[in-house]
Number of protein chains: 2
Amino acid sequence: MREEKKKRLEAKGWKVGDAKEFLSLSDEEEAYIELKLRLAERLRERRRHRRLTQVDLARMVKSSQSRVAKMEAGDPSVSIDLLVRSLLALGTTNRELSKIISSSRIA
Amino acid sequence: MREEKKKRLEAKGWKVGDAKEFLSLSDEEEAYIELKLRLAERLRERRRHRRLTQVDLARMVKSSQSRVAKMEAGDPSVSIDLLVRSLLALGTTNRELSKIISSSRIA
DNA sequence: GACGATTATGTCTAATGTGACATATACTTT
DNA sequence: AAAGTATATGTCACATTAGACATAATCGTC
């Protein structure tokens with residue numbers, strides 16, 4: 001794993017594995033994090049495209065503005081579940097969802 | 001929503017909305033549940049294809065046999081996060097993951 | 001049909017994710 | 001540059017999901 005990428009993830013608040021296995025982020029773990037970040041990016045894009053504020057979206061999914069902000073920031077405290085449900089609430093189809101996923105860096 | 005489908009989901013232990021809005025499962029909610037069930041199905045397929053027991057898979061993802069059973073049963077108590085991480089642990093690529101999602105009934 | 005292996009179901013406590021709130025920071029418009 | 005709007009960040013009490021364990025049900029194989 002690239003030093004560069006590790007820094008990037010850590011900057012976002014991710015704890016990348018334990019201290020001992022600091023340098024060896026497993027493939028699954030990496031793919032999982034990348035997936036979340038990708039969903040996060042797209043969520044923001046979709047919301048903006050719809051010209052909605054974070055408050056608007058928060059209402060739609062019965063959440064809060066701060067949680068939406070964290071979703072879009074790829075905060076480790078948000079689950080894929082919430083991301084997916086938010087995307088679905090924005091009218092994202094499964095077809096589009098699948099495109100988002102397949103476009104993740106780690107093929 | 002079809003009576004048939006509602007029964008099917010309820011049989012799996014899902015609480016389909018509140019009592020009042022019993023008949024009107026929102027599109028997002030339905031899509032979300034369908035997605036989980038689809039991931040669950042594929043997880044089982046993949047595990048069996050690899051000729052692994054639930055105990056084996058549990059070890060691989062540092063979980064327990066009962067949780068794997070619940071994953072595959074589409075139990076409401078399991079998150080998409082866990083399903084996805086398990087699929088990734090089985091070597092599922094993003095490309096395949098995306099196929100699973102796009103093949104969900106609700107396009 | 002007993003035995004061994006696998007899977008299903010229920011229930012605990014601990015860990016993680018949640019909405020809500022407060023508040024800081026960044027953007028826009030005037 | 002102040003006011004107004006939008007987003008970011010930190011914290012907390014509460015809810016949900018987690019792994020673990022026990023035990024029941026199911027499935028071959030003998």
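Side-chain atoms are counted along with the backbone in the values below, which use heavy atoms only and exclude waters and symmetry mates. Note on naming: letters A, B, ... go to the chains in the order of the sequence lines (proteins, then strands), and numbering restarts at 1 for each one.
In this structure, A:Arg59 reaches neither bases nor backbone, as no heavy-atom distance under 4.0 Å exists between it and the strands shown. Contact annotation for A:Ser64: base contact, defined as any heavy-atom pair under 4.0 Å involving a base atom. Across all strands shown, B:Ser63 has heavy atoms under 4.0 Å from sugar-phosphate atoms exclusively, and none from any base. Among the atoms of the strands shown, none is found under 4.0 Å from any heavy atom of B:Arg85. Across all strands shown, A:Arg48 has no heavy atoms under 4.0 Å from either base or sugar-phosphate atoms.
Between A:Arg59 and A:Val55 the shortest side-chain heavy-atom distance falls below 4.5 Å. B:Ser77 has its side chain within reach of B:Arg67: a pair of non-hydrogen atoms, C-beta onward, lies under 4.5 Å apart. A:Arg42 places a side-chain heavy atom less than 4.5 Å from the side chain of A:Glu45. You'll find the side chain of B:Arg44 reaches within 4.5 Å of the side chain of B:Gln54, heavy atoms only.
Toward the 5' end of DNA chain D, the nearer of the two residues B:Asp81 and A:Ala69, judged by each one's closest nucleotide, is A:Ala69. Nearest-nucleotide positions on DNA chain C for A:Leu82 and B:Arg44 put B:Arg44 closer to the 5' end. Take the nearest nucleotide of DNA chain D for B:Gln65 and for B:Ile80: the residue whose nucleotide is more 5' is B:Ile80.
Contact check, A:Arg47 against D:dT7: a side-chain N or O comes under 4.0 Å of OP1 or OP2.
Remark: the backbone N or O of A:Pro76 is not paired with any side-chain donor or acceptor of A:Lys70 at under 3.5 angstrom. Proximity of a side-chain donor or acceptor of A:Asp81 to a complementary backbone N or O of B:Ser79 within less than 3.5 Å is not detected. Side-chain atoms of A:Glu41 do not come within 3.5 Å of backbone N or O of A:Arg38 as any donor-acceptor pair.
Here the nucleotide nearest the side chain of A:Glu72, chosen from D:dA6, D:dA18, D:dA8, is D:dA8. Distance from the side chain of A:Gln54 is smallest to D:dT7 among D:dA18, D:dT7, D:dC21.
Where DNA chain C meets chain A (any atom under 4.0 Å from a heavy atom), the bounding nucleotides read 5' to 3' are C:dG17 to C:dC21.
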